Amino acid sequence: MDVTHIIREQVVSAVKKLYDATLSTDSILLNPTRKEFEGDYTVVVFPFTKAARKKPEAIGEELGNYLTEQVDEISGFNVIKGFLNLTISDHFWGKYLLSIAKNPDFCKHPATGKKIIVEFSSPNTNKPLHLGHIRNILLGWSCSKILEANGNTVVKTQIVNDRGIHICKSMVAWERFANGETPESSGLKGDHFVGKYYVAFNNEEKKQAEGLEEGQETEIMTATRAMLKKWEANDPEVKTLWSKMNGWVYSGFEQTYKSLGVHFDVNYYESETYLLGKGIIDKGLEDGIFYKKEDGSVWIDLEDAKLDHKLVLRSDGTSVYMTQDLGTARKRNEDHQMQGMTYVVGDEQNYHFKVLFEILKRLGEPYAENLHHLSYGMVGLPDGKMKSREGTVVDADDLIAEVIGEVEKDSKERGEIEGAPEAERREIFRMVGLGALKYQMLKVDPKKGMIFNPAESVALQGDTGPYVQFAYVRMQGILRKLEKGDNNADPAKYTSLHPHEKNLLLFIQQYPETLARAGANFDPSEIANYVFELASYFHKFLHDVKVLKAESEEAKAFRLELSKMVGRVLEAAFDLLGIEMPERM
RNA sequence: GGUCCAGUAGCUCAGCUGGAUAGAGCAACAGACUUCUAAUCUGUAGGUCCCAGGUUCGAAUCCUGGCUGGAUCACCA
């Protein structure tokens, strides 16, 4: 039983008895006591002054006396100004530790029965993934894991932007310049290979544009438009080329996803969804949700939601982005019967998603009350934005390789795992490198823009992924050294807790609510910040307290159990960030 | 111009629904490995929480107005 619930309930009944005022348990302000004061939990008593008609200090004294007498778990208190600091008795903690250690579900919440679709990544098929995609993918993956840990069923999906003028550009360039070259023959990864021809297109177009009047179209661009027309007319030759080149890109993406440790449950392709949604418009017109202008275009009036008027169908009857998204949402509901959907998309589309959600609501879609746009800020480089034209794009595969290489170099200097087999060492470099990269990307609040410095590669000390992994590794090291069957002592008999030990338990106790909050806010950074703090308390604990050479068998049993529990929470929390834990490093 | 978001230490960032003397990490400086892995720990130094008002016992946090930066407001996707 979480001791904060006990305190809340007891404060409510104390206030009722002493001052005859009725409060709800969640209106009680209860915080962990700040480090500079004595105590474990602090009740803020200012809010009771009205009902009690007494000074805050007097209320604190009365409440403190009442609670210490009535509540077994509370062993003492002190009052400073309007703050009542309560001390939890040491014998509570041993019992608490055993109870959570026995609970296999401590790190997750019970099932909600809800199914939620999470859409992320959603790449174009004309160039490789870059740093911006990495943030998107990691956020999407982590958000999915967090929603799952909060008891939801999650369907991970991406919508692949596989049609349109951009892919035709690569196709035209390949036809003209490749001489039949393929990823296999060139030794290039498929997405990089196609990206190369996208660049070739841009170079050629630039060349052709020289000497042309402003507004005049280049020959290669005209050819590209013609190809798009053929694609739309289902020209078999064009479609074959299109499938071939997209196939190359997909196999490249697959590799990148694999090295990031992510996958999708379902893929949607824009080539299959871009015509959806028109039926919704027709029905919405009948129901008066949309209106038609004289030129035949269809709009929705969202002024009462402060969103202005928005086009949903062109005058020539063709779809816009919004039409397609409406159709895709409905199709997903037909496919999966979900209770909600989360879109991981950059914050430049905030307006689009506000409008989309508002329209879905007005259409009465059953999942419309549970839609969320996980909006994230752009990833910037220290010297400005990433611009593909200026070649300042940070390639995803390069970055991953660089980070792992950096870890390898660093690890060799340390020499700690030099004796391990080559395969195991490579696996460790991979886990630690990705851990560093993922943690760095996920620890900042998604909605804020972030600066990423690839030149400094990725930090390995301090507030980093490896710092947390190292805490886990140290725990594993203790378990390895533990001699089997030499300790039958009861951890609950250990009742003179070191401040670090109490601190760890107090903090572990906060994990469930942290998880719930991260889920409610769709915010992996809350998990990252939590896990860093937990690791930091554990490192301090290991520095000051001996586990294997504890002063008593009870102390040793308690510390082992505590260390294992810390390890469990660290591992579970890092799993939510998509980061693996090495056994040694 | 309208809307949305951000502004906290030299740098990168925490700070939850208003609570005590605003916190970490990096970088700098000074220390701690015959000890369960020093990818660790301890200390020093570093602040006009963008500005000005307001709300109240109390504001980095809420409200109003401004300043700065970003995004967006297409019959583009």
Side-chain angles (χ1 to χ4, degrees), chain A residues 26-27 29 31 33-37 42 44 46-47 49 56 80-83 85 124 161 163-166 270 274 293 295-299 306-308 310-316 318-322 324-325 346-352 354-355 375 377-378 380 382 385 407 410-411 413-414 416-417 432 436 440 443-445 447-453 456 459-471 473-482 513-514 517 520-521 523 525-526 528-529 532-533 535-536 538-540 542-550 559 563 584-585:
Chain A
D26 29 296
S27 71
L29 279 165
N31 303 314
T33 300
R34 295 179 65 111
K35 304 257 182 309
E36 57 268 37
F37 300 101
T42 299
V44 184
F46 287 109
T49 49
I80 297 169
K81 293 198 267 178
F83 301 94
N85 300 322
N124 287 344
N161 193 347
R163 63 163 286 280
I165 198 78
H166 61 271
E270 213 179 285
Y274 80 111
K293 283 195 183 172
D295 62 3
S297 58
V298 181
W299 297 73
K306 285 172 72 181
L307 289 168
D308 220 326
K310 188 80 191 171
L311 178 89
V312 292
L313 202 66
R314 290 195 190 102
S315 51
D316 63 4
T318 56
S319 307
V320 289
Y321 188 30
M322 189 61 72
Q324 193 183 132
D325 270 3
D347 61 6
E348 67 274 9
Q349 294 199 40
N350 284 352
Y351 176 71
H352 173 79
K354 267 190 195 166
V355 172
S375 158
M378 191 159 18
K385 289 181 191 173
V407 167
D410 201 75
S411 174
E413 278 169 28
R414 297 176 205 280
E416 189 66 48
I417 55 167
V432 175
Q440 184 142 321
K443 75 173 178 177
V444 322
D445 185 343
K447 69 172 180 283
K448 291 190 180 177
M450 66 178 293
I451 306 290
F452 186 89
N453 191 342
E456 287 174 11
L460 305 174
Q461 269 112 41
D463 185 5
T464 66
Y467 175 95
V468 178
Q469 288 172 322
F470 185 54
V473 161
R474 292 178 81 177
M475 186 275 298
Q476 288 292 344
I478 292 171
L479 293 188
R480 269 197 300 274
K481 294 238 164 149
L482 177 67
E513 61 180 283
T514 304
R517 200 168 50 238
N521 299 338
D523 185 0
S525 75
E526 301 201 24
N529 288 320
F532 171 68
E533 203 173 337
S536 132
F538 190 59
H539 278 306
K540 289 187 215 305
L542 292 178
H543 186 265
D544 293 344
V545 180
K546 298 278 169 279
V547 176
L548 294 176
K549 289 177 188 160
R559 284 171 194 163
S563 300
R584 64 187 83 216
M585 62 195 273

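Because the structure is predicted, anything quoted here is derived from the model rather than measured. First the proteins, then the strands, lettered A, B, ... as listed; each starts at 1.
- Note that OG1 of A:T42 is 8.0 Å distant from CZ of A:F83, once rounded to the nearest 0.5 Å.
- Closest to the A:P466 side chain, of the nucleotides B:U72, B:A39, B:A77, is B:A39.
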Write down the protein N/O and nucleotide N/O pairs, taken from nucleotides 34-38 of chain B, whose separation is under 3.5 Å; answer none if there are no such pairs.
from	atom 1	to	atom 2	distance (Å)
B:C36	O2	A:L548	N	3.2
B:C36	N3	A:V547	N	3.0
B:C36	N4	A:L542	O	2.8
B:C36	N4	A:V545	O	2.1
B:U37	O2	A:E416	OE1	3.2
B:U37	N3	A:M585	O	2.9
B:U37	O4	A:M585	N	2.8
B:U37	O4	A:M585	O	3.4
B:A38	OP2	A:R474	NH2	3.2

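- For A:R314, whose side chain is taken as the heavy atoms from C-beta onward, the closest listed nucleotide among B:U42, B:C76, B:G19 is B:C76.
- Minimum atom distance to the side chain of A:Q461 is reached by B:U40, of the listed B:G25, B:A22, B:U40.
- The C1' atoms of B:A27 and B:C16 are separated by 30 Å, rounded to the nearest whole Å.
- One N or O donor and one acceptor, one from the side chain of A:T42 and one from the base of B:A20, sit under 3.5 Å apart.
- In this structure, B:C33 shows a glycosidic angle within 90 degrees of zero, which is the syn conformation.
- Aromatic stacking is marked for A:F83 over B:A20, as both cut-offs hold: 5.5 Å for the centres and 30° for the planes.
- Stacking is found between A:F37 and the pyrimidine-like six-membered ring of the B:A20 base under the 5.5 Å centre-distance and 30° plane-angle cut-offs.
- Across A:W299 and A:L311, no two heavy atoms sit closer than the pair CE3-N, 3.3 Å.
- Remark: the A:N85 side chain and the B:A20 base include a donor-acceptor N/O pair separated by less than 3.5 Å.
- With sequence neighbours left out, the side chain to side chain donor-acceptor pair (under 3.5 Å) criterion links A:E526 to A:R517, A:N521.
- Residues A:V44 and A:D410 both approach RNA chain B. Their nearest nucleotides, taken by heavy-atom distance, put A:V44 toward the 5′ side.
- Only the P atoms considered, B:G2 is 29 Å distant from B:A9, to the nearest whole Å.
- Each of B:A71, B:A20, B:A77 was ranked by its minimum atom distance to the side chain of A:E348; first place goes to B:A71.
- Residue-nucleotide stacking is present for A:F46 and B:G19, judged by a side-chain ring centre under 5.5 Å from the six-membered base ring centre and planes under 30° apart.
- Annotation: B:G18 and B:U55 have their C1' atoms spaced 11 Å apart (nearest Å).
- Taking the side chain of A:Y351 as heavy atoms from C-beta on, and the options B:U40, B:U72, B:G19, the nearest nucleotide is B:U72.
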Between N or O atoms, less than 3.5 Å apart, protein on one side and nucleotides 3-7 of chain B on the other: list the pairs.
from	atom 1	to	atom 2	distance (Å)
B:G7	OP1	A:K448	NZ	3.2

